Amino acid sequence: MPNESLPPRAGAEAARAAHWRATRRLTAVLMVLWLCTGFGTVYFARELSHFSLFGWPLSFYMAAQGASLVSLAIIAVYAWRMHRLDRRYQAGAREDA
């Protein structure tokens, strides 16, 4: 990722900008997933009630448990992915300095 033609400060700025772009992209994707899970469960409740999961209608299960589990999964994915992004861009910033 480091560019040899840029001075060290410009390379660090470019790495910081790339890190911020990746962070915003990840946040946007996960927020859309969260919106689809929360809104989709309510909007499609009638259609989802035709399916059963452990003896309960799927719409009830998603509202009571599924949306919460998806939210926890989103938080875990965000933490894991941000850790990887931070390590990758920190390594690039150290090489530029």
Side-chain angles (χ1 to χ4, degrees):
M1 185 118 186
N3 192 343
E4 301 301 326
S5 64
L6 295 175
R9 184 156 176 90
E13 291 294 325
R16 205 172 296 128
H19 180 269
W20 183 237
R21 264 192 318 276
T23 300
R24 285 188 315 213
R25 187 179 322 120
L26 174 65
T27 302
V29 167
L30 293 177
M31 291 295 284
V32 167
L33 178 63
W34 175 70
L35 176 69
C36 290
T37 302
F39 179 74
T41 301
V42 174
Y43 190 76
F44 295 109
R46 238 180 233 138
E47 289 81 10
L48 291 173
S49 67
H50 298 296
F51 301 103
S52 177
L53 185 66
F54 302 119
W56 295 92
L58 185 59
S59 60
F60 174 80
Y61 179 77
M62 283 299 294
Q65 302 296 327
S68 300
L69 294 175
V70 169
S71 295
L72 286 174
I74 287 171
I75 292 168
V77 167
Y78 181 79
W80 170 71
R81 190 72 177 120
M82 283 305 299
H83 182 68
R84 287 184 63 203
L85 282 173
D86 289 344
R87 276 190 307 174
R88 184 169 79 188
Y89 286 108
Q90 279 178 349
R94 274 190 238 124
E95 289 173 3
D96 288 338

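Values in this document were obtained by computation on a predicted structure and should not be read as measured data. Heavy-atom basis, side chains included; hydrogens, waters and symmetry copies ignored.
When all heavy atoms are compared, the tightest approach of His19 to Leu85 is CD2-O, 3.8 Å.
In the hydrophobic cluster analysis, where Ile, Leu, Val, Met, Phe, Trp and Tyr join through side-chain heavy atoms closer than 4.5 angstrom, Ile74 is grouped together with Val77.
Distance CZ/Arg24 to CZ/Arg21: 7.5 Å, rounded to 0.5 Å. Annotation: the span from Arg87 atom CZ to His83 atom NE2 amounts to 4.0 Å, rounded to 0.5 Å.
For Arg81, there are no salt bridge (charged side-chain N to carboxylate O under 4.0 Å, His left out) partners, not counting sequence neighbours.
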Sequence neighbours excluded and cut-off under 3.5 Å, please list the side-chain donor-acceptor pairs for residues 34-57, or say none.
unit_1: Thr37; atom_1: OG1; unit_2: Leu33; atom_2: O; d: 2.9
unit_1: Thr41; atom_1: OG1; unit_2: Thr37; atom_2: O; d: 2.7
unit_1: Ser49; atom_1: OG; unit_2: Arg46; atom_2: O; d: 2.7

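Trp80 is listed as a side-chain neighbour of Arg84, based on a closest heavy-atom distance under 4.5 Å.
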